[in-house]
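Heads up, the thing below is written out as structure tokens.
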Number of protein chains: 2
Amino acid sequence: MKLYGYFRSSASYRVRIALNLKGLDAEHVSVHLVKHGGEQFSDNFRVVNPDALVPALLDTDKGLDIVLNQSLAIIEYLEEKYPQPALLPTNLADRAHIRSLALSVACEIHPLNNLRVLKYLTGTLGISEEQKNTWIQHWCVSGLAALEQRLAADKRTGDFCFGNRPGLADCCLVPQIFNAQRFNCDLSGMPTLMRINQHCLSLAAFVNAMPMNQADAE
Amino acid sequence: MKLYGYFRSSASYRVRIALNLKGLDAEHVSVHLVKHGGEQFSDNFRVVNPDALVPALLDTDKGLDIVLNQSLAIIEYLEEKYPQPALLPTNLADRAHIRSLALSVACEIHPLNNLRVLKYLTGTLGISEEQKNTWIQHWCVSGLAALEQRLAADKRTGDFCFGNRPGLADCCLVPQIFNAQRFNCDLSGMPTLMRINQHCLSLAAFVNAMPMNQADAE
């Protein structure tokens, strides 16, 4: 397998954690989102992913190369192909709960603070750096506060988002908290998230997936 | 089952289609996103969904009421609980392909044109109506163009996103095209998407899920 990613991409970080939790090896190919006008827009990479987004996973299926896009689709694929250790619980309602937490990060928080969105805000709309930072903090803090409320109130929450084993929701939560901290978000009212984040970061699978520990880190 | 939704909510529309495709009955509870300062922010609804977002599905599991959030988590739950007719193919790479198309809509297009995001842009950032419309069109058109490219190039594309049966990706595509048309996006360069949309809208499952055909439509 090859994982096309970028050290600081939060969606690439999710897949790196999932690969590590499952003990799977992948060659990491760096697609620099800033240099050379954004390598994700190059003709070479558009063949891999017309969306011009990382991550993308290249795998072989019945001897043929296949390319998969979208971090959550990639993680579900890994879960189906390599079921153990499982990243989703077995009970249907629990599975939906964990997917919902993961999607809350992937659909409600992260897309708003994507590089291309921030570029549109500062470029096309001409907002200031201060307005940009307020925007980032607004979506991070409101989105994470809703997650805090759900996880704090749910009996299924343990050391991790679901009980005492890391899974799909943790793969999404930890990179989002990393982003929030990078942009100086105030997470002081989120003890449950902070506790889960700390538990995750005590595991090599999460530490080895961190942006600063990638070969293309700057 | 109860589906908390709003006629014009694109994520609610996705779940309505999925329920219809599977022939499942649900009581539809309207949560008006505009009236009364937004009913999704009411204390009553925050008990159902602290994220203050529709849709939410109430179901019973082992005699207990459970509430599920996030449209794609809800549809995956329906798929696991009521496998036939299937909304996902059986082959793992094909499943990832379809999930990836669905997530491209749910993570790359729709979150940017959400009501609360548009409110932040016009309210807090004070952008004009014209700038708002350009913003909406920008993300709709660029996101749908990437989907067009992928679907047009893929041999698995048929009358629907995957072969000749409607599924998860169609549940996401049709509401997104509805939104795009509502905001006068230029979709003329997207014959594959238009063709699939037309096939879907020849089916009662899609027509009955349309915003204009809901009890709370205005």
Side-chain angles (χ1 to χ4, degrees), chain A residues 11 46 49-53 56-57 59 61-62 64 66-74 76-78 80-81 91-104 106-112 114 116-117 120-121 124-125 127 131 134-135 138-139 142-143 145-150 153, chain B residues 11 46 49-53 56-57 59 61-62 64 66-74 76-78 80-81 91-104 106-112 114 116-117 120-121 124-125 127 131 134-135 138-139 142-143 145-150 153:
Chain A
R46 282 216 190 250
N49 186 3
D51 278 354
L53 292 168
L57 185 81
D59 195 14
D61 183 52
K62 297 168 191 156
L64 289 174
I66 51 161
V67 176
L68 307 177
N69 304 316
Q70 287 292 335
S71 59
L72 293 186
I74 293 171
E76 294 268 2
Y77 172 82
L78 295 173
E80 293 180 343
K81 189 160 179 182
N91 173 276
L92 298 195
D94 294 339
R95 291 166 73 81
H97 169 62
I98 292 305
R99 283 188 174 121
S100 161
L101 294 171
L103 286 160
S104 291
C107 298
E108 310 304 340
I109 309 176
H110 180 249
L112 298 164
N114 230 329
R116 65 203 174 106
V117 174
Y120 190 102
L121 288 167
T124 309
L125 293 176
I127 73 168
Q131 284 176 312
T134 306
W135 163 280
H138 175 78
W139 300 114
S142 60
L147 277 183
E148 168 69 27
Q149 195 182 335
R150 287 171 65 186
Chain B
R46 283 218 191 247
N49 186 3
D51 278 356
L53 294 167
L57 185 82
D59 196 13
D61 183 52
K62 299 169 192 154
L64 291 173
I66 50 161
V67 176
L68 308 176
N69 305 315
Q70 287 291 334
S71 59
L72 293 186
I74 294 171
E76 294 266 4
Y77 171 82
L78 296 173
E80 293 181 343
K81 188 159 180 181
N91 173 276
L92 299 196
D94 293 340
R95 293 167 72 83
H97 169 60
I98 291 306
R99 285 189 174 121
S100 161
L101 294 171
L103 287 161
S104 292
C107 299
E108 311 303 339
I109 309 176
H110 180 250
L112 298 164
N114 230 330
R116 65 201 174 106
V117 174
Y120 190 101
L121 287 168
T124 310
L125 292 177
I127 73 168
Q131 284 175 312
T134 306
W135 163 280
H138 175 78
W139 300 114
S142 60
L147 277 182
E148 168 70 25
Q149 195 182 336
R150 285 170 65 185

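Predicted model, so just to flag it, every value in this text is computed and none were measured. Letters A, B, ... are given to chains in the order of the sequence lines, protein chains preceding strands, and every chain is numbered from 1.
Ranked by heavy-atom pairs under 4.5 Å with chain B, the list A/Glu76, A/His97, A/His110 is led by A/Glu76. Among the candidates A/Ser104, A/Gly143, A/Ala106, the residue making the largest number of heavy-atom pairs closer than 4.5 Å to chain B is A/Ser104. Counting heavy-atom pairs closer than 4.5 Å to chain B, the top-ranked of the candidates A/Ile74, A/Asp59, A/Val117, A/Leu101 is A/Val117. Per-residue heavy-atom pair counts under 4.5 Å with chain B were compared for A/Ala93, A/Ala96, A/Ala146, A/Ser100, and the maximum is reached by A/Ser100. Residue with the most contacts toward chain B among A/Ala102, A/Ala153, A/Cys107: A/Cys107 (heavy-atom pairs, distance under 4.5 Å). Put simply, of A/Leu68, A/Leu112, A/Leu147, A/Val67, the one with the most heavy-atom pairs under 4.5 Å next to chain B is A/Leu112.
Both the backbone and the side chain of A/Trp135 come within less than 4.5 Å of a heavy atom in chain B. Only the side chain of B/Leu53 comes within less than 4.5 Å of a heavy atom of chain A; its backbone N, CA, C and O stay farther away. For B/His138, the part sitting under 4.5 Å from any heavy atom of chain A is the side chain, from C-beta outward, and nothing else. Interface residue B/Thr134: backbone and side-chain heavy atoms are both found under 4.5 Å from chain A. Interface remark: B/Ile66 contributes side-chain atoms only to the contact with chain A (heavy atom separation under 4.5 Å). The contact between B/Asn91 and chain A is made entirely by side chain atoms (from C-beta outward), counting heavy-atom distances below 4.5 Å.
Taking B/Glu80 as the reference, A/Leu92, A/Arg95, A/Arg99 meet the side chain to side chain contact (heavy atoms under 4.5 Å, CB included) condition, with sequence neighbours excluded. Applying the side chain to side chain contact (heavy atoms under 4.5 Å, CB included) criterion to B/Gln131, with sequence neighbours excluded, gives A/Leu125, B/Ile127, B/Ser128.
Residues A/Arg116 and B/Ser142 have side chains that never bring a donor and an acceptor to within less than 3.5 angstrom of each other.
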